[in-house]
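A quick write-up on the structure given underneath.
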Amino acid sequence: MTAMPMHEALQVIRETRAATDVVVTSMGTAREWMAMGPLEALDWVFVPSAMGAAPPFGLGVALAQPARRVIACNGDGSTLMSLGTLVTIASEAPENLVLVIFDNGVYEVTGAQPSPGQADFAALARASGIGAVYRFSEIGAWRAGGRDALNARGPVCIVLDVEPMPGARGPKSPGPTIARAKQFADALSQPVP
Amino acid sequence: MFSGPQIADFLADVGITHVVAVADSTLGPWHPAIAAHPQLRLVRVCREGEAWAVAGGLYLGGATPLVLIQCTGLFESGDALRNMVHDWKLPLFCMIGYRSYLNQDTLPGDTCLEFTEPLMDAWRFDWRLIKSPDQFDEMGVHYRHCAAARTSGGLVIAEGRA
């Protein structure tokens, strides 16, 4: 199967996100996002997290902040933990929410054990009622089409086939939770130009 | 015990903006009134663990959410609740339906009565048990107390009678 390096996939999001966008990362995406450079005030590095909670958390932010785009990054194993959230997102239909599923087929941070089955997340998203669904397996195609996909009218689900990184560890929290939550809430309280 | 319009007015009066919910036979009939209330948005999730993460995002985004689920859903909520309320210290408030409390012959052998109250304590909620309609005003007092103290709290609503 063709796949792309996760950090290159994330780089497209980094280059495309607007200053007012919220980016939620968890597990492997959080680790790679933090390694790519300084965090922005509207980056929610979801560490510690409850596995599978990044999409519903992003949905909550999107509903509270309809003037901001929220990009929620989630792994395939995490998505399997809360598949019903695809239906919840479709039901609430926030136009400002983009869910990006990074599918590497493994539970990477626990040692790359295979995740169950070979779910077609794009098909699941469509069947759940999400109208704007994209899948990219090659970095060139993602670089070429990422901006349009990210800018589509939400809710959007983008599935990216990414390469597993055997041996990669789980992310480390970038700081105390209480202070980070306050900083994030403060950043969200700023008006959107 | 309470009607949907009563509950919707109560929630709006204390300042709730979003009700994140999974229905049960007592709480579900409240949903139409909540959904119809101009100051409230009903967010229906598929499973209760989702509710806490949605509520956490809403809270940090500046909204005032409430989680409305049955005690069985509280049992399901574990890790998401732990993460939002304890890891991130978000003062989320919930209303929990207490299955069969008022009619314990309904489900012989059901263990909701054994685990609901100890679990509310274990999750360190500041909570009150609401067993009769004359406690209606107590609900608002308790919500406002928790909101002022910025602590996670709950109301456990006895179920089992129409």
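Only heavy atoms go into these numbers, but all of them, side chains included; no hydrogens, no water, no symmetry mates.
Residue A:A64 comes nearest to B:G57 through the heavy atom pair CB-O, 4.5 Å, listed as atom of the first residue, atom of the second, then distance. In terms of heavy-atom proximity, A:A181 sits nearest to B:L90 at CB-CD2, 4.4 Å.
Taking the side chain as every heavy atom from C-beta outward, B:L58 and A:L63 approach each other to under 4.5 Å. Between A:I178 and B:W88, the closest side-chain pair of non-hydrogen atoms is not below 4.5 Å. Side-chain contact check for B:W52 versus A:P56: every heavy-atom pair is 4.5 Å or farther apart.
In this structure, no portion of B:R47 lies under 4.5 Å from any heavy atom of chain A. Using a 4.5 Å cut-off between heavy atoms, A:M81 makes no contact with chain B at all.
In terms of non-hydrogen atom pairs under 4.5 Å with chain A, the most contact-rich of B:G49, B:A63, B:C46, B:A53 is B:A53. When each of A:G84, A:P176, A:S91, A:A187 is scored by its heavy-atom pairs under 4.5 Å with chain B, the top score falls to A:G84. Highest contact tally toward chain A, considering only B:D87, B:N83, B:T17, is held by B:N83 [criterion: heavy-atom pairs under 4.5 Å].
Distance check, rounded to the nearest 0.5 Å: CG of B:D79 to OG of A:S49 gives 8.0 Å. Here A:F57 contributes atom CZ and B:L60 contributes atom CG; the two are 5.0 Å apart, rounded to the nearest 0.5 Å.
Within 6.0 Å of CD on A:Q118 lie no more than 12 heavy atoms contributed by other residues, nucleotides or ligands. Open room surrounds CZ on B:R124; 12 or fewer heavy atoms of other groups in view lie less than 6.0 Å from it. Remark: A:R68 CZ is packed, more than 12 non-hydrogen atoms of other residues, nucleotides or ligands lying under 6.0 Å away. The environment of CZ in A:R14 is crowded: more than 12 heavy-atom neighbours from other residues, nucleotides or ligands sit within 6.0 Å.
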For this session: Starting from the C-alpha separation in whole Å, work towards a yes-or-no answer on side-chain contact (heavy atoms from CB on, under 4.5 Å) for B:R41 and A:E92.
Result: CA-CA 10 Å; B:R41 177 162 179 170; A:E92 291 301 317; 2.7 Å; yes
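Looking only at atom types and distance, the side chain of A:S82 has no donor-acceptor partner in the side chain of B:E50 under 3.5 Å away.
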